[in-house]
Amino acid sequence: MASLFMGSCRFVLILTLFSTLQLLFVDSVEFEVGDDKGWVLPSSKNNEIYNQWASKKRFQINDTVRFKYKKDSVLVVTDAEYEKCHSSYPIFFSNNGDTIFKLDRPGLFYFISGVTGHCERGQHMIIKVLEPESPPSPGNQNSTSGTSGQSGAVGMAAIPSTIIMQFIFSFLGFLFI
Ligand SMILES: *[C@@H]1O[C@H](CO)[C@@H](O)[C@H](O)[C@H]1NC(C)=O
Ligand SMILES: *[C@@H]1O[C@H](CO)[C@@H](O)[C@H](O)[C@H]1NC(C)=O
């Protein structure tokens, strides 16, 4: 009986570790705009509250941004329309109260509220999505200055994260079983 109990404890522990690690290695991240306040007309005089929020984050391709709001809307517009706080034909429009937008390319995304006056009063945001990291190609390596430490680091970076994950899981399995 006792060993059976121990066995299931280990199983649960391993499952927990497994899902925690999966979170660390997961490819895309969902960001909740404005954190727990959501996408609302800023109550303060701070007109750049959402840009300050965005500047603290690192957005990568295929990450998503989630907007939660009531009686408002989310528009993705051009650079010029963002400056004017107005768009007749937005690139993207949603007003369902819970909008998930996928950042599907590198570069800049311009978000504004569609409610009259809200964008002007600070409900606007620019998100910059980073260029994808390309794995170093062996052809570009410069052997003249290459030390063994450098080439080792390059080798590590080239290993796909799935292989690192597999390695970690087999190590954990060895520890716990
Ligand atoms: C983003 O997602 C699309 C579709 O799911 C996929 O084809 C593409 O490879 C992904 N891009 C990156 C950089 O993960
Ligand atoms: C290697 O370095 C030399 C000088 O440091 C440079 O001229 C050359 O273009 C580099 N080669 C590559 C492939 O980066």
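Both counts, for ligands and for their atoms, begin at 1 and track the order of listing. Count residues from 1 along the sequence.
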* Would a search of protein heavy atoms around atom 9 (O) of ligand 1 find one under 4.0 Å away? ->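 So far as the 4.0 Å threshold goes, atom 9 (O) of ligand 1 is out of reach of every protein heavy atom.
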* Asked: Is the shortest distance from atom 2 (O) of ligand 1 to a protein heavy atom below 4.0 Å?
  ->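 So atom 2 (O) of ligand 1 has protein heavy-atom neighbours under 4.0 Å.
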* Where is the nearest protein heavy atom to atom 13 (C) of ligand 1: which residue, which atom, and how far? ->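 In this structure, atom 13 (C) of ligand 1 has I61 CG2, 3.9 Å as its nearest protein heavy atom.
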* **Nearest protein heavy atom with distance in Å, relative to atom 12 (C) of ligand 1** =>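 So the nearest neighbour among protein heavy atoms is N62 ND2, 3.3 Å.
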* Asked: What about the rings of F109 and F59, do their centers lie closer together than 6.0 Å?
  ->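 Between F109 and F59, the centre distance exceeds or equals 6.0 Å.
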* Asked: What about Y50 and F111, are their ring centers closer than 6.0 Å?
  ->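 They do not qualify: ring centres at least 6.0 Å apart.
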* Roughly how far, to the nearest 0.5 Å, is the OH atom of Y82 from the CG atom of L75? ->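 Interatomic distance, L75 CG to Y82 OH, rounded to 0.5 Å: 13.0 Å.
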* **Spacing of I127 atom CD1 and F101 atom CZ [to the nearest 0.5 Å]** =>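 Rounded to the nearest 0.5 Å, the CD1-CZ separation comes out at 9.0 Å.
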* Asked: Tell me the salt bridge (charged side-chain N to carboxylate O under 4.0 Å, His left out) pairs involving residues 55-69, sequence neighbours left out?
  ->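 Listed once each, the pairs are E30-R66, E32-K68, R66-D98.
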* Asked: Which atoms of ligand 1 have any heavy atom of K102 under 4.0 Å away?
  ->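 Taking each heavy atom of K102 in turn, ligand 1 has 2 (O), 5 (O) under 4.0 Å.
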